[in-house]
Number of protein chains: 2
Amino acid sequence: MVHDGRMTLVGICEDDPDVRRVLTDALKMGGHRVVIARNGREAVENLGRDSGVEVLILDIGLPDADGRDVCQALRANGQHAPALFLTAFDAVHDRVSGFHAGGDDYVVKPFAISEVLVRVESLARRARPQPASISGLVLNPDRLSVHVEDREATLTPTEFRLLAAIAREPGSVVRRRTAVAAAWPDGAIVHENTIDSYIRRLRVKLASIDSPVELTTVRGVGFTLR
Amino acid sequence: MVHDGRMTLVGICEDDPDVRRVLTDALKMGGHRVVIARNGREAVENLGRDSGVEVLILDIGLPDADGRDVCQALRANGQHAPALFLTAFDAVHDRVSGFHAGGDDYVVKPFAISEVLVRVESLARRARPQPASISGLVLNPDRLSVHVEDREATLTPTEFRLLAAIAREPGSVVRRRTAVAAAWPDGAIVHENTIDSYIRRLRVKLASIDSPVELTTVRGVGFTLR
DNA sequence: CAGAACCTGCACATGACCTGACTGCATCGA
DNA sequence: TCGATGCAGTCAGGTCATGTGCAGGTTCTG
């Protein structure tokens, strides 16, 4: 399985060990990683701003707190990851109001695992940095594509990672080594020349969609977008 | 929750007070009004032709009747509002064996309220009830089929779940693992290759009805519709 | 000019994916 | 009861996209 960079770090706050287990297993099956909190206190400790958590799954009916309060606390702490609330059947009223207020999502217990999985990924997608647009050039991670106006070119995973690394700071120069490290994340050792091949392919594909942005070389340093 | 601001009068026939409560609250929060029936008899009394009800929500597993029969009775009575059936998770077989009580919609319990709200509003908005459509491609859960214009292909349950999972986010790539987790919900372990076989079958069936939508592979990542 | 850095085109191994056929199982109707 | 049917899942073998490296040419810099 190729690492495509869209693994999501999910923070779970749930007191029931069985439910925790089910969620954890399903998410790991889906290729994600999980951080656990057993109650509101642990949630604030483990799922805060600096935890790297991208999506929150919060049980509303915690023994020591309401999941929405936990959410509020985390938000106040600078954690803005979208939340998926788990609620029991008999707490609808609060749930609905919370949902309307937040823009987050919720699922009623007992839930289908596939439902949770799909929703988590949907939330993660929405929360991800919006498709960065550099003078008309748009990178679309969901489709591994780059498009300008209505023209689209599909990229391979490696091509996409490389272009994304360079496009991250439009205008400024990305060093060769930096680009390699970004496009080959797991420390893979690639031939010096390989990156040139990819740069070339990217140039060809960008040209094929009449991109207004050019992928130029800064000799002795790296590459940049103009 | 987005809707078009039109208030809809929804008729609910459901014996479980908790579920009634959940539905009622959610629909009211969504800006709709509700008429209640606790069983089949009350449904025929309260939700008939002259009740003004625009959308029906009918539990299939009523104590005194089958929701489908209730629907039939209402139809015979001149009530032609589109119906949303609630079915228990373990009664999928009924659905497979196909009730065509008017090509309406259904939701499997346990359900997410947002799901119900979306479907109710969808049913209310359209003159004829219509399941989710992706650029001409229509998935019909009632009949386990997919059709485009007047051409229809029937799917097996597994095929349907897989296609539904991929069609859920049209345009964006659904990763292999996600698709597997969604189409084989109970954590079943299937051979790596199995999904390929199903993808192929779906492609054949989509081609057989001249689908404008193609089920394409994004190598190393997953599948997408376009 | 020399040497380095980079570009270009191509070759090729790998593995992801496709394809068609097969087996086992459950259901259904005669 | 028994075969017919259809579905789920597996398998073996082939195909092809992708990632990678190489050879040779071109451009830049001093």
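Proteins get letters first, then strands, A, B, ... in listed order; numbering begins at 1 in each.
- The distance between atom OH of A/Y198 and atom C1' of D/dG21, rounded to the nearest whole Å, is 11 Å.
- Straight-line distance from the CG atom of A/L215 to the P atom of C/dC6: 13 Å, rounded to whole Å.
- Judged by distance alone, with hydrogens and angles left aside, the side-chain atoms of A/H32 form a donor-acceptor pair with the main-chain N or O of A/T8 at under 3.5 Å.
- Here D/dT26 presents its P atom at 17 Å from CZ of A/R203, a figure rounded to the nearest Å.
- Within the 4.0 angstrom heavy-atom criterion, base atoms lie near A/R201.
- A distance-only check finds no donor-acceptor pair linking the side chain of A/K205 to the backbone of A/L155 [under 3.5 Å].
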Enumerate donor-acceptor pairs with a distance under 3.5 Å from any side-chain N or O in residues 215-226 of chain A to protein atoms, sequence neighbours excluded.
| residue | atom | partner | partner atom | Å |
| --- | --- | --- | --- | --- |
| A/T216 | OG1 | A/T224 | O | 3.3 |
| A/T224 | OG1 | A/G171 | O | 3.3 |
| A/T224 | OG1 | A/S172 | O | 3.1 |

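- Among the atoms of the strands shown, only primed sugar atoms or phosphate atoms (P, OP1, OP2) are found under 4.0 Å from some heavy atom of B/T158.
- As rounded to whole Å, 14 Å separates atom P of D/dT20 from atom CG of A/L202.
- One interatomic measurement links the two molecules: CD1 of B/I199 to C1' of D/dG9, which rounds to 15 Å at whole-angstrom precision.
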Protein-nucleotides 11-17 of chain D N/O pairs closer than 3.5 Å?
| residue | atom | partner | partner atom | Å |
| --- | --- | --- | --- | --- |
| D/dA12 | N6 | B/N193 | ND2 | 2.9 |
| D/dA17 | O4' | B/R219 | NE | 3.4 |

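- Taking the nucleotide of DNA chain D with the nearest heavy atom to each of B/T194 and B/L155, the more 5' of the two is matched to B/L155.
- In this entry the distance linking CD1 of A/I195 with P of D/dC22 reads 17 Å, nearest Å.
- Judged purely by atom type and a 3.5 angstrom limit, B/E42 has no side-chain atom pairing as donor or acceptor with the backbone of B/A37.
- Checking the phosphate oxygens (OP1, OP2) of D/dT20, a side-chain nitrogen or oxygen of A/W184 falls inside 4.0 Å.
- Computed from coordinates, the A/D196 CG to D/dT20 C1' distance equals 13 Å when rounded to whole Å.
- A 6.0 Å sphere centred on CD of A/E214 holds no more than 12 heavy atoms belonging to other residues, nucleotides or ligands.
- As a whole-Å value, the separation of A/E192 CD from C/dA5 C1' is 10 Å.
- Using modelled atom types, no side-chain atom of A/E149 and backbone atom of A/R151 make a donor-acceptor pair closer than 3.5 Å.
- For A/E152, the CD atom counts as densely surrounded, since its 6.0 Å shell holds more than 12 non-hydrogen atoms of other residues, nucleotides or ligands.
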